[in-house]
Structure formats: structure tokens, C-alpha cells
Amino acid sequence: MSRISNALPQRLIERALCAISDIAWRVPLGTARKGQRASSWVPGKRSDRPSRSAIPLGVPRTTRSVCPHCVIETRNAVLDGRTDINVLKRDPGVINAEIIEEAGRVLMRKICQIHGPFEDVLATDAAFFRRMERLYPGPDFACTEDDLVHDHGVSSVRYGRGAFLVFDLTNRCNMKCWPCFMDANAVGHVHELDLDDIKRILERARSFKPQREVNILFSGGEPTISPFFLDAIGSARALGFKRLHVATNGIRFAQDADFAQQAREAGLHSVFLQLDGVSDESNSHRGVSNLFRVKQQAMENLANAGLRITLQVTVAIRNVDKVFSVVFQPIMFTGRDENVTDDRRYAQRYTLSQLAADLGSQMSTEWEPLRDWFPTAAISQFSDVLDLLQPSDSAEGSVAPNEHPDWGVMSPLIVNRRTGFWVPIARFFNLERFNRDLQIIANSGRGKALTYARLAMAILRNYSPDLAPSGFSVVDFVDLFRQCSARTRIASPTWERDERGTGEWVTTIVYGQWFQDLVVQNLAAIETSMTPVATQEGEIPFSAYNSVGWRQLVEQLHRTATLPQWHRQHGRHAIHAKGNLVQVLGAGKDTMDCRDGALAEKPATLSCCESESPPQ
């Protein structure tokens with residue numbers, strides 16, 4: 001009874017604060033000094049940014065795409081020396097595509113005069129698709145002084161600072177999975193960045209505008225088997241990059257707890273741990289019979305080393321102090337899966353609207369696609385306000401994930417550390433209106449004091465105390481604000497601790513990241529890529545790198561060795577496949593597999609030149 005009586009005056013006070021803030025927000029402030037501030041890291045003032053109309057949106061519309069067969073033919077001609085690389089840049093098979101609504105779905109249809117028609121689905125829910133496009137805030141600054149970085153013709157990044165810069169340290173891997181967008185362990189050569197390559201690419205990442213605070217994501221193949229993995233982390237840290245991540249299958253981290261600690265000491269910040277489900281059976285298609293147990297051990301070792309983890313949602317809620325975010329990536333039919341049949345592609349195509357709907361239907365908590373999901377680019381509106389609050393002589397802008405709304409979505413949640421209870425923020429906070437308020441604040445170009453005041457008003461006027469979960473108060477928003485700020489802007493030496501907050505409630509964001517294969521490729525969306533791949537040939541949008549043919553071209557131009565040459569010099573690394581067990585070191589035990597402590601036999605592995613067919 002006392003808890004109810006204590007909560008009642010708190011809610012009354014909060015209602016009053018929210019009402020006062022709404023009234024104060026509406027008070028005219030005079031003429032806004034739109035975009036009056038400029039900083040050294042941007043190519044101009046905020047008012048110089050491209051308008052929202054610079055990126056074609058709406059249904060129906062016409063966009064530029066590619067013919068899958070023409071692209072493959074052009075790619076092969078370049079690789080064989082029968083045509084010039086400029087053809088891949090200029091026209092690898094560009095055709096028009098229609099984006100239309102039909103029977104509640106959004107489709108892409110296109111016709112090549114040589115190879116005929118192509119069709120695939122972009123969204124199974126047209127209302128969800130339209131919502132994401134409607135809430136898109138518009139592109140970031142156009143890139144300038146970037147000829148050495150973005151010279152890839154129709155596959156070029158043209159807008160923004162990006163959110164992640166992907167480093168493929170090696171095309172070698174210690175697994176042989178289906179699916180695999182890069183066809184790891186099935187090509188006849190090794191492409192591996194050496195330390196000089198890594199340093200040059202990192203230095204070039206600072207060379208254009210808008211200069212940015214960015215997340216470095218070391219990837220592969222399996223990046224942890226690169227001999228330069230720890231050195232790469234140290235080099236990035238020495239050059240001033242602080243957000244250092246690795247995308248990994250987790251095997252090496254599970255096998256060696258000390259390796260996780262060494263990576264942390266080198267400067268690694270967090271780990272993107274690949275996970276397909278919460279049982280060995282749901283991960284069995286990857287060819288390791290105890291893979292989920294391996295993931296659990298890896299997560300334990302990583303958490304003990306103080307590293308953040310991003311992985312699958314049902315594990316995330318139970319491990320909220322270990323797991324930072326969740327990223328779902330629907331299958332991209334490229335690499336090992338480029339030549340699947342139309343029937344298989346139709347059956348396995350999975351869109352972001354399906355992701356939002358399936359998560360909503362499978363969770364016990366109310367999670368609504370048309371209320372709780374937003375384009376990932378909405379985060380950039382918060383970044384814009386943080387940019388306004390930083391000193392005018394700042395050398396870099398905040399992290400701003402400004403990708404096209406058809407290919408990146410997110411849903412912010414809050415989770416109670418003590419109880420595990422979670423709820424979408426949009427249930428009790430008008431996030432849609434708040435984002436509009438942020439845009440007004442950023443456009444006004446006011447001083448720090450007024451910007452902070454307006455930000456506080458915007459938070460309070462969009463908060464609904466009566467809809468908030470029990471135990472959550474407006475005071476908790478202060479901690480949530482600190483967490484969100486640390487996600488996008490490093491402003492203090494305690495930023496890593498600030499990311500997770502200090503209170504009972506923690507923010508977790510669920511992302512849907514859909515990369516484009518050749519059938520659904522939209523060249524206008526390529527231009528806003530927030531995940532370019534850093535290579536010796538510049539920064540190339542992830543989708544173009546792995547589908548158009550830039551990966552094959554870069555690896556051919558900068559091939560480290562053929563497989564026979566590599567084997568003679570370095571031997572053969574183990575590849576875990578064909579249902580084998582991975583041995584890990586259990587805490588306080590001898591080397592064991594992950595099945596209830598039973599001693600494992602020596603794992604059956606493939607050498608890196610052998611082949612295993614993916615399931616059909």
C-alpha cells in the first residue's frame with residue numbers, strides 16, 4: 001500500500017512537469033539562426049546539407065538497379081582482363097527498377113533487355129515500409145575531398161560519415177558455413193591485410209569530410225585467426241579510434257579466455273558474436289555440433305574481460321549487462337549463395353517488415369511494428385543535437401548512422417537489470433514526435449544553454465508517466481540520456497561506463513540490417529551506406545563490395561598468395577565443419593567439449609583447401 005501511495009504523488013509531479021514542458025516548448029523563441037555554426041569536420045554549415053528529396057522515396061517510384069546477370073558477366077570480364085575496371089565503375093549492368101505496392105506488399109520489378117525480367121519482395125507489409133520512409137530524416141552531409149576513398153562509380157558512397165567501417169583482415173576462416181556472403185574457404189587464394197595495409201587504410205579513413213567518430217569493425221573471414229588481429233586493434237587505438245569491435249564466430253574467444261583479455265588490453269571495445277538461435281540444433285547448419293555451447297563460453301570469457309557483446313535477442317534480455325545491442329541480418333544472396341535458384345530465393349527471402357512482425361508475435365511483451373520500429377537513420381537526429389553541443393573547433397562529428405530507411409531499422413527498448421522486464425520505449429515515450437523536436441533543435445543553431453533547455457523540454461513533453469513501466473521515473477531518463485549520448489559521442493573518459501548507465505534501467509537497441517544482393521539492389525541506397533568496407537582500393541559500400549564484384553577485384557589486385565603457396569609457407573589452419581565438436585577450456589576443468597562436461601574426441605576438421613557442400 002505504501003508503494004502505491006508513494007508512486008501516486010510521483011506520477012502527479014511528473015504529469016505536471018510534462019504539461020509545463022509542453023507549454024514552454026510552444027513559446028516562440030524568435031527567428032532561428034538556422035545552420036549558423038560551422039566546424040572544421042564538416043564541408044559546410046548545417047543549412048548546406050542535402051534536402052530530404054536528394055534520396056528518392058515513396059511508392060510507387062522508379063530507381064536505378066542492376067541486372068544480376070550483366071553484373072556477373074562484367075565482373076568476370078574485368079577479372080579475366082577482357083575489359084577495364086572503369087566499366088565496373090561506370091555501368092556494370094545498370095537498369096531501371098520499379099518499386100510498387102501489390103496485395104499489401106512492396107515489390108521491386110525490373111527488366112533487362114538481354115536477360116529478361118526480375119522480381120523480388122522488399123517488404124511484406126507496405127504500411128511498415130511507408131512508415132520507415134516517412135520517418136527518414138534525410139541524408140547526412142555530402143562527402144568531399146574523398147577522391148582517394150570513394151572512387152567507385154555507381155558503387156560509391158556519396159553521403160555521410162558512416163557508422164561502421166568494416167575491416168576484412170583475412171578471407172580465411174575456421175568454419176565453413178552456409179550461408180556465407182564471401183564464400184570463405186572456397187576460393188583458391190588468400191587475401192590478408194598486413195600491418196602496413198591496416199595502418200594506411202586507417203590513416204585514409206581520416207582524410208575526407210565529413211570527418212567522423214566511427215566504429216571500426218574488424219571482420220573477415222574470421223578476423224581472430226589473422227596474425228595481425230591484436231596489432232590491428234592497437235594501431236587503430238594509436239590513431240585515435242576508440243570504438244573498436246570485432247565480428248566473430250567466437251571460437252577462439254571460447255577456447256582461450258586469455259585471448260579475450262589480450263584483445264581488451266589492446267583496445268577492443270566490443271564483440272559482434274554471430275548466433276542463429278539458442279540451442280545447438282538451431283545452429284547446426286553451420287557444421288559444429290556444440291556451437292551454441294561454444295557461444296555461451298565465448299560470451300562468458302568476453303564478459304569477464306569487460307567486453308561488450310552484440311547478439312541474438314532472446315539471449316540478450318537474460319544477459320543485459322553483457323549484451324549491448326542486437327543485430328538481425330536477413331540473408332543476402334551473394335558469395336556462396338549468389339547462384340541459388342529462384343524458387344529457393346523466393347522461399348528464403350526475409351524482409352525487415354517480416355522481422356518486426358515476427359518479433360512482435362513471438363514475444364510475450366507487446367511489441368508493435370507500426371509504433372515501436374524506426375529507421376536506423378533516426379538516431380542521426382540525436383547525433384545532430386550532440387554535434388551542436390560540441391565545441392566549434394571539434395575535429396570530428398558524432399556517430400551518425402544515416403543509411404537508407406529501406407535497409408536499416410531499429411527498435412529501442414529499456415530493460416530492468418534486476419527483474420529482466422523489458423518494454424519498447426515508444427510505448428510510453430512519443431519517439432516519433434521527439435525526433436521531430438530534435439530536428440527543430442538542431443536546425444535552430446542556438447547556444448548550449450538554450451539547447452540543453454530545449455532538449456529537456458522535448459524529453460519531458462514526449463514522456464507519458466501513466467504509460468511508463470512500474471518503477472520507472474522521469475529521473476531515469478537522465479541515465480538513459482547519458483547512455484544514448486555515449487553511444488553516439490565520446491565526450492568523457494568514462495564513456496564506456498556511461499554507455500551502460502548506472503541505474504536500474506538500461507537501453508538496448510534491436511537492429512535490422514538488410515544488405516542488398518543483386519536482385520534487390522538499389523543504387524540510390526548504396527550512396528548512403530553506413531557500413532563501407534575499408535580496402536586498399538578505398539571504402540566501398542558493403543552491399544556493392546560483396547555483390548557487384550569489388551571483393552573479387554580487390555582480392556585479385558592485392559592477393560597475398562595462392563592456397564598452395566600459403567600452405568607451403570604457413571601450413572593449414574583447422575576448419576571446424578561436418579558436425580564436429582569444438583574443444584574449449586571449461587572454467588577449472590580440463591579441455592572439454594561443451595556437452596555437459598563430457599571429454600571430447602579430437603575434432604574432425606577440414607583443411608582450408610577442402611570443400612563441403614552447403615545444405616540444399
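All values below were derived from every heavy atom in this structure, side-chain atoms included, with hydrogens, water molecules and symmetry-related copies excluded. Nothing fancy with the numbering, it's 1 onward along the sequence.
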Taking only Lys NZ, Arg NE, NH1 and NH2, and the carboxylate oxygens of Asp or Glu, determine whether E338 and R345 approach each other closer than 4.0 Å. no
Keeping S219 on the side-chain end and D168 on the backbone end, is there a donor-acceptor pair under 3.5 Å?
no
Heavy-atom nearest pair, A54 first then Y159, reads CB-OH, 3.8 Å
*Does the side-chain contact (heavy atoms from CB on, under 4.5 Å) test come out yes or no for W373 and F128, once each step is laid out?*
CA-CA 9 Å; W373 287 84; F128 183 87; 3.7 Å; yes
Original post:
Taking atom types as modelled and ignoring hydrogens, do the side chains of S547 and Q521 form a donor-acceptor contact shorter than 3.5 angstrom?
Top reply: yes
Here the gap from L268 atom CG to I216 atom CD1, rounded to the nearest 0.5 Å, amounts to 12.0 Å
May I ask you to decide whether E432 forms a salt bridge with R131, counting only side-chain N to carboxylate O separations under 4.0 Å? yes
Sub-3.5 Å donor-acceptor pair from the side chain of S543 to the main-chain atoms of Q516, do we have one?
yes
Across all chains, not counting sequence neighbours, the side chain to side chain donor-acceptor pair (under 3.5 Å) partners of Y350 are D358
Quiz prompt | Under 3.5 Å side-chain donor-acceptor pair for T488 and S383 | solution = no
When rounded to the nearest 0.5 Å, the distance separating CG of D342 from CZ of F333 is 10.5 Å
Taken in chain and number order and not counting sequence neighbours, the residues that satisfy side chain to side chain donor-acceptor pair (under 3.5 Å) with T376 are none
Check: Quick one: does S353's side chain have a donor or acceptor within less than 3.5 Å of a partner on T124's backbone?
Finding: yes
If we only count heavy atoms from C-beta on, is the Q536 to V554 side-chain gap below 4.5 Å? yes
_Polar side chain donor-acceptor pair, T62 to E98, under 3.5 angstrom_ = yes
- Item | side-chain contact (heavy atoms from CB on, under 4.5 Å) between V326 and I509, worked out | CA-CA 6 Å; V326 181; I509 300 180; over 6 Å; no
What one should report as the nearest heavy-atom pair of M410 and I379 is CE-CG1, 3.8 Å
By salt bridge (charged side-chain N to carboxylate O under 4.0 Å, His left out), D406 pairs with (sequence neighbours left out) R61
task: For atom CD of Q113, decide whether the heavy atoms of other residues, nucleotides or ligands shown that lie under 6.0 angstrom number more than 12.
output: no
With no hydrogens and no angle check, is any side-chain donor or acceptor of T334 less than 3.5 Å from a backbone partner on N546?
yes
Check your understanding: Between F374 and Y136, does the ring centre distance come in under 6.0 Å?
Key -> no
Separation between CG (L359) and OG (S411), nearest 0.5 Å, reads 8.5 Å
Item to complete: Show your reasoning for whether side-chain contact (heavy atoms from CB on, under 4.5 Å) applies to N171 and E555.
Response: CA-CA 9 Å; N171 69 343; E555 291 188 358; 3.7 Å; yes
Does R371 come within less than 4.0 Å of E366, counting only side-chain N to carboxylate O?
yes
Does any non-hydrogen side-chain atom of D140 lie less than 4.5 Å from one of R161? yes
- Task: Examine distances only and state if a side-chain atom of T248 and a backbone atom of G250 form a donor-acceptor pair shorter than 3.5 Å.
- Result: yes
Output for pair (L302 CG, I309 CD1), nearest 0.5 Å, gives 5.0 Å
- [ ] Taking only Lys NZ, Arg NE, NH1 and NH2, and the carboxylate oxygens of Asp or Glu, determine whether E222 and R172 approach each other closer than 4.0 Å.
- [x] no
Practice prompt. For the residue pair V106 and I100, establish whether any side-chain heavy-atom pair is separated by less than 4.5 Å.
Written response: no
Nearest heavy-atom contact between G93 and C70 is CA-CB, 3.8 Å
In this structure, SG of C67 is separated from NE2 of H115 (nearest 0.5 Å) by 5.5 Å
F259 ring center near F253 ring center (under 6.0 Å):
yes
Next item on the list: Check whether any side-chain N or O of S529 sits under 3.5 Å from a backbone N or O of I526 as a donor-acceptor pair, and report yes or no.
Entry: no
Rounded to the nearest 0.5 Å, the CD atom of Q348 sits from the CD1 atom of I331 at a distance of 5.5 Å
**Item:** Min side-chain heavy-atom separation I111-I95 under 4.5 Å
**Value:** no
For L523 and V154, the nearest pair of non-hydrogen atoms, with its separation, is CD2-O, 3.9 Å
Review point. Do D125 and T351 come within less than 4.5 Å of each other through their side chains, counting heavy atoms only?
Key: no
Between S380 and the options P137, P375, P139, the side chain to side chain contact (heavy atoms under 4.5 Å, CB included) test singles out P137
On a heavy-atom basis, the closest approach of E101 and G104 is OE2-CA, 4.2 Å
For a 4.5 angstrom cut-off between non-hydrogen side-chain atoms, does L413 reach V510?
yes
A side-chain contact here means heavy atoms from C-beta on lying under 4.5 Å apart; do E539 and I201 qualify? no
> Taking side chain as C-beta onward, heavy atoms only, is N215 less than 4.5 Å from L165?
Replying inline: no
Contacts of R109 meeting salt bridge (charged side-chain N to carboxylate O under 4.0 Å, His left out) (sequence neighbours excluded), chain-then-number -> E102, E119
Is N402 reaching over with its side chain to a backbone N or O of G138, donor-acceptor style, under 3.5 angstrom?
-> yes
Closest non-hydrogen atoms of G512 and L352, given as atom of the first, atom of the second and distance, are C-CD2, 3.7 Å
**Asked** Is the backbone N or O of G116 less than 3.5 Å from a side-chain atom of K110, with the two atoms forming a donor-acceptor pair by type?
**Response** no
Notebook entry, point to check: Do R349 and D517 meet the salt-bridge criterion of a basic N to acidic O distance under 4.0 Å?
Noted result: yes
Applied to residues 90-113, the ring-ring contact (aromatic ring centres under 6.0 Å, His included) test, sequence neighbours excluded, yields none
Show, in sequence, the C-alpha distance, side-chain angles and deciding distance for L307 and S270, and conclude whether the side-chain contact (heavy atoms from CB on, under 4.5 Å) test is met.
CA-CA 5 Å; L307 289 160; S270 78; 5.8 Å; no
Exam field: side chain E133 to backbone L57, donor-acceptor pair closer than 3.5 Å:
no
> What orientation do H245 and H269 show, parallel under 30°, tilted 30 to 60°, or perpendicular over 60°?
Replying inline: perpendicular
(message) Is the ring pair W422/W367 parallel, tilted or perpendicular, if the boundaries are 30 and 60 degrees?
(response) perpendicular
Sequence neighbours excluded, the answer for side chain to side chain donor-acceptor pair (under 3.5 Å) partners of Q556 is none
Centroid separation under 6.0 Å, is that true for the rings of H152 and Y545? no
Discussion item. Pairing donors with acceptors under 3.5 angstrom, does anything connect the side chains of E403 and Q513?
Written reply: yes
